[in-house]
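Report on the following structure.
As the structure lists them, so they are numbered: ligands from 1, and atoms in each ligand from 1.
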Amino acid sequence: MAEPQPIPFATSTPIADTMSGAAVYGPIFIRFFYDTFVLGFSFTYVWRCPIQKLSAFFTSNVTGAAISRGKGTEKQPFRLLDIGVGTGYHMQHSAIPEDAHVDLVDLRDVALGAACRRLKKSHPTVTMQASLGDFLEEDENSGMAITPTRFPGRFDAISCMLLLHCVPGPPSRKAGSLQRLAPLLNPEGVLFGATILGKGVNHSLLARVFMAWYNRTRKFSNEEDDVERLLEPLRRTFANIRTELVGDVLLFELREPRC
Ligand SMILES: C[S@@+](CC[C@H](N)C(=O)[O-])C[C@H]1O[C@@H](n2cnc3c(N)ncnc32)[C@H](O)[C@@H]1O
């Protein structure tokens with residue numbers, strides 16, 4: 001009799017540890033290096049998308065969402081969900097409606113603490129809730145997924161600034177995470193973000209060095225990320241997609257969720 005054949009393992013891409021993109025965000029990095037080195041130096045001189053551009057993009061999406069809110073919502077607080085909060089830099093420097101409620105989500109409690117402190121100082125009237133959560137988590141029962149059950153009601157704006165290039169790929173997995181956020185978005189709302197691309201852009205020599213080092217040490221996982229691979233799945237979920245390429249950085253705005 002023939003020997004039974006072993007059952008082959010599934011051949012899909014192994015899912016890397018989602019913590020890899022968040023591991024560097026410890027207290028010292030957050031306190032001393034993130035704003036100056038990452039936002040100040042790298043985004044201007046390496047990725048050629050100055051921090052002022054990113055902050056203006058954040059502000060225009062939040063204020064735009066506040067204006068385009070449907071009639072009859074005046075009495076409800078403006079709701080913003082910020083995923084991957086870092087130090088809270090953009091929230092600090094952005095105009096956020098005074099009556100807003102902000103949900104902050106990150107894999108690291110250090111980041112959540114820093115961003116909450118900043119937000120409280122810069123926008124004292126805004127209410128906030130910090131939650132540990134994983135942008136990539138698909139299992140609704142894990143306690144880390146960002147789902148309508150954990151965050152009931154809909155958001156006027158959802159931001160994922162500078163998050164996608166940090167999280168493990170492939171690009172379809174990152175797009176899938178954005179697609180899963182669609183049911184949390186108001187019909188007039190916006191899901192927006194910015195991410196450093198690994199392909200389809202003209203990296204400078206300095207950018208190539210940073211790309212290689214960061215991807216090797218798994219601080220970034222963006223070598224496969226290009227505009228088309230990120231956006232193609234999203235066209236099925238959002239009827240209105242706007243993008244802009246600034247240096248090596250893709251700015252995206254997703255509107256009109258088809259759900
Ligand atoms: C590059 S920082 C971006 C911070 C901020 N949004 C900004 O634009 O300056 C990435 C942030 O995402 C968080 N992060 C990384 N992987 C994550 C994941 N899978 N789920 C949620 N947050 C994650 C990190 O802890 C860090 O706070």
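For ligand 1, none of its N or O atoms has an N or O atom of Asp82 under 3.5 Å away. Considering backbone and side-chain atoms together, Val167 places no N or O closer than 3.5 Å to any N or O of ligand 1. On a distance-only criterion, His90 and ligand 1 share at least one N/O pair closer than 3.5 Å. Checked by distance only, ligand 1 and Gly21 stay at 3.5 Å or farther apart across all their nitrogen or oxygen atoms. Here's the thing with His165: none of its N/O atoms is less than 3.5 angstrom from an N/O atom of ligand 1. For the pair Asp134 and ligand 1, the shortest N or O to N or O distance falls below 3.5 Å.
Looking from atom 1 (C) of ligand 1 to the surrounding protein, the closest heavy atom is Tyr25 OH, 2.8 Å. Looking only at protein heavy atoms, the nearest one to atom 5 (C) of ligand 1 is Gly84 O, 3.4 Å. Summary of contacts: the protein heavy atom closest to atom 3 (C) of ligand 1 is Tyr34 OH, 3.3 Å. Nearest protein heavy-atom contact of atom 27 (O) of ligand 1 is Asp106 OD2, 2.7 Å. Atom 20 (N) of ligand 1 has as its closest protein heavy atom Phe135 N, 2.9 Å. Ranking the protein heavy atoms by distance from atom 22 (N) of ligand 1 puts Leu107 N, 3.5 Å first.
For Leu163, every heavy-atom contact with ligand 1 shorter than 4.0 Å involves the side chain, none the backbone. Contacts between Leu39 and ligand 1 below 4.0 angstrom, taking non-hydrogen atoms only, involve the side chain exclusively. Residue-level proximity to ligand 1 for Tyr89 is absent, since no heavy atom of it falls below 4.0 angstrom.
If you chain together hydrophobic residues whose side chains sit under 4.5 Å apart, Phe32 and Phe41 fall into the same group.
Taking every non-hydrogen atom of Ala111 and a distance limit under 4.0 Å, the qualifying atoms of ligand 1 come out as 27 (O). Residue contact check: Gly86 has heavy atoms under 4.0 Å from atoms 4 (C), 27 (O) of ligand 1. Contact atoms of ligand 1 toward Met161: 3 (C), 5 (C), 6 (N), 7 (C), 8 (O) (distance under 4.0 Å to a heavy atom of the residue). Taking every heavy atom of Arg108 and a limit of under 4.0 angstrom, the matching atoms of ligand 1 come to 25 (O). Per-residue contacts place Cys166 under 4.0 angstrom from the following atoms of ligand 1 (heavy atoms of the residue considered): 1 (C).
The shell of residues lying under 4.0 angstrom from ligand 1, judged by heavy atoms, includes Gly133. Residue contacts with ligand 1: Phe58 is excluded, as none of its non-hydrogen atoms falls under 4.0 Å.
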Which is it for Thr147 and Arg150 under the side chain to side chain donor-acceptor pair (under 3.5 Å) test, yes or no, and what are the steps along the way? CA-CA 5 Å; Thr147 61; Arg150 271 189 89 196; 6.0 Å; no
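Using a 3.5 Å distance cut-off with no hydrogens or angles, the side chains of Gln179 and Thr237 do pair a donor with an acceptor. Checking Thr127 against His101 by side-chain atom types alone, a donor-acceptor pair falls below 3.5 Å.
A salt bridge links Arg229 to Glu224: at least one charged side-chain nitrogen sits closer than 4.0 Å to a carboxylate oxygen. A salt bridge is absent between Glu223 and Lys199: the closest approach of a Lys/Arg side-chain nitrogen to an acidic carboxylate oxygen does not fall below 4.0 angstrom. Between Arg255 and Glu253 a salt bridge is recorded (basic side-chain N to carboxylate O distance below 4.0 Å). Checked for salt-bridge contact, Glu228 and Arg235 meet the test: a charged N lies under 4.0 Å from a carboxylate O. Salt-bridge formation is detected for the pair Asp248/Arg48: a Lys NZ or Arg NE/NH1/NH2 atom is positioned less than 4.0 Å from an Asp or Glu carboxylate oxygen.
For Phe192 and Phe58, the ring centers are positioned less than 6.0 Å apart. Phe37 has its ring centre no less than 6.0 Å from the ring centre of Phe33.
Not a single donor-acceptor pair under 3.5 Å links the side chain of Ser142 to the backbone N or O of Glu138.
With respect to Thr87, the side-chain hydrogen bond (donor to acceptor under 3.5 Å, both in side chains) criterion is satisfied by exactly one of Arg118, Arg117, Arg31, Gln92: Arg118.
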